[in-house]
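Let me begin by presenting the structure, written as structure tokens, before commenting on it.
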Amino acid sequence: MKEPPQIPGRFRLIGETILDWAIKAVTDTMLFADGPSKNKGAFGTAAHQELKHKVQSYKPLPGVEVVAEPYFDGNGIEEKADSKGDLGVDVVVKYNKKNIVAFDLKIGKGYSKKGVADRVKRIGTDVIQIRIKVSGK
């Protein structure tokens, strides 16, 4: 079994903050949403929006950028919007404009091995899936 990706040492606290926010996004969506979600997809979308809102205002350190919902084309070029053939993740942490680590919140099923490998290749860094199973949604 392969070891999970490791967050580089000095960025570990930032990674832990993002992990905490992902968990909080899911629990807040469960506890404070306006009524029950219609389905698992609607619940996941609401939780992702909650995470995106937290990430967009996060400026941890000089030289560090935390980007919400970036997409990458077939050449690994970052784009702001999703176009056909692009692959995205929920969060990318950059240091001096270089991608350091990426995170993707998954409600239920995660990526296949190929899905992870494709994202790692395009983004140029490890992709950590934050997989949270939500029962009853």
Side-chain angles (χ1 to χ4, degrees):
M1 183 172 166
K2 183 180 174 194
E3 288 292 316
Q6 297 296 310
I7 301 169
R10 63 182 173 185
F11 301 103
R12 217 167 264 141
L13 183 58
I14 295 167
E16 289 177 16
T17 299
I18 293 166
L19 175 59
D20 287 346
W21 284 344
I23 294 167
K24 186 167 178 16
V26 172
T27 56
D28 283 356
T29 301
M30 287 172 38
L31 295 172
F32 305 118
D34 295 331
S37 297
K38 295 177 188 171
N39 55 47
K40 198 179 282 188
F43 178 85
T45 298
H48 279 84
Q49 289 301 312
E50 185 72 25
L51 177 60
K52 179 181 175 180
H53 176 73
K54 291 177 184 318
V55 168
Q56 286 178 323
S57 62
Y58 187 44
K59 309 289 184 220
L61 298 166
V64 177
E65 183 181 6
V66 181
V67 181
E69 296 186 352
Y71 293 91
F72 298 85
D73 71 12
N75 297 314
I77 305 298
E78 184 177 334
E79 300 182 339
K80 297 295 180 194
D82 185 14
S83 299
K84 186 175 181 171
D86 287 355
L87 295 177
V89 291
D90 293 318
V91 181
V92 170
V93 178
K94 299 177 175 221
Y95 180 65
N96 291 333
K97 306 210 182 282
K98 181 181 184 294
N99 297 338
I100 300 299
V101 66
F103 297 88
D104 208 34
L105 173 61
K106 306 309 280 176
I107 307 293
K109 186 178 177 185
Y111 294 126
S112 66
K113 288 181 182 179
K114 182 180 181 328
V116 172
D118 288 346
R119 282 165 177 79
V120 167
K121 182 177 177 182
R122 287 197 194 184
I123 299 168
T125 190
D126 286 327
V127 176
I128 297 173
Q129 293 184 79
I130 304 168
R131 296 173 65 184
I132 300 174
K133 183 177 180 181
V134 179
S135 298
K137 293 285 175 193

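Values below: all heavy atoms of this structure, side chains included; hydrogens, waters and symmetry mates excluded. Heads up: numbering here begins at 1 and tracks the sequence.
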Show me the donor-acceptor pairs within less than 3.5 Å that the side chains of residues 89-96 make with the rest of the protein, sequence neighbours left out.
from  : atom 1 : to     : atom 2 : distance (Å)
Asp90 : OD2    : His48  : NE2    : 3.1
Asp90 : OD2    : Leu105 : N      : 2.7
Lys94 : NZ     : Glu78  : OE1    : 2.5

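Transitive grouping of hydrophobic side chains (ILVMFWY, heavy atoms separated by less than 4.5 Å) brings Leu19 and Ile14 into a common cluster. With hydrophobic clusters built from ILVMFWY side chains whose heavy atoms lie under 4.5 angstrom apart, Ile23 shares a cluster with Val101. Trp21 and Leu61 fall within the same hydrophobic cluster, where Ile, Leu, Val, Met, Phe, Trp and Tyr residues are linked whenever their side-chain heavy atoms come under 4.5 Å apart, directly or through other members.
Across Val55 and Ala68, no two heavy atoms sit closer than the pair CG1-CB, 3.7 Å. The heavy-atom pair separating Val127 from Ile123 by the smallest distance is CG2-CD1, 4.0 Å. The minimum heavy-atom distance linking Phe72 with Arg122 is given by the pair O-NH1, 3.1 Å. The two residues Lys24 and Thr27 have their closest heavy-atom pair at O-OG1, 3.1 Å. Nearest approach of Ala25 to Ala47, heavy atoms of both residues: CB-O, 3.4 Å.
Met30 has its side chain within reach of Phe43: a pair of non-hydrogen atoms, C-beta onward, lies under 4.5 Å apart. With a 4.5 Å cut-off on side-chain heavy atoms, Leu51 and Phe103 do not count as touching. Looking only at side-chain heavy atoms (C-beta outward), Gln56 and Glu69 stay at 4.5 Å or farther from each other.
Distance alone, capped at 3.5 Å, is enough to place a donor-acceptor pair between the Asp73 side chain and the Asn75 backbone.
Using a 4.0 Å cut-off between charged nitrogen and carboxylate oxygen, Glu50 and Lys54 count as a salt-bridge pair. A salt bridge links Asp118 with Lys114: at least one charged nitrogen is closer than 4.0 Å to a carboxylate oxygen.
Evaluation of the salt bridge (Lys or Arg N to Asp or Glu O under 4.0 Å) test over residues 96-109, restricted to residues two or more places apart or in two chains, returns Asp104-Lys106.
Rounding to the nearest 0.5 angstrom, the gap separating the CG atom in Asp86 from the NZ atom in Lys84 is 11.5 Å.
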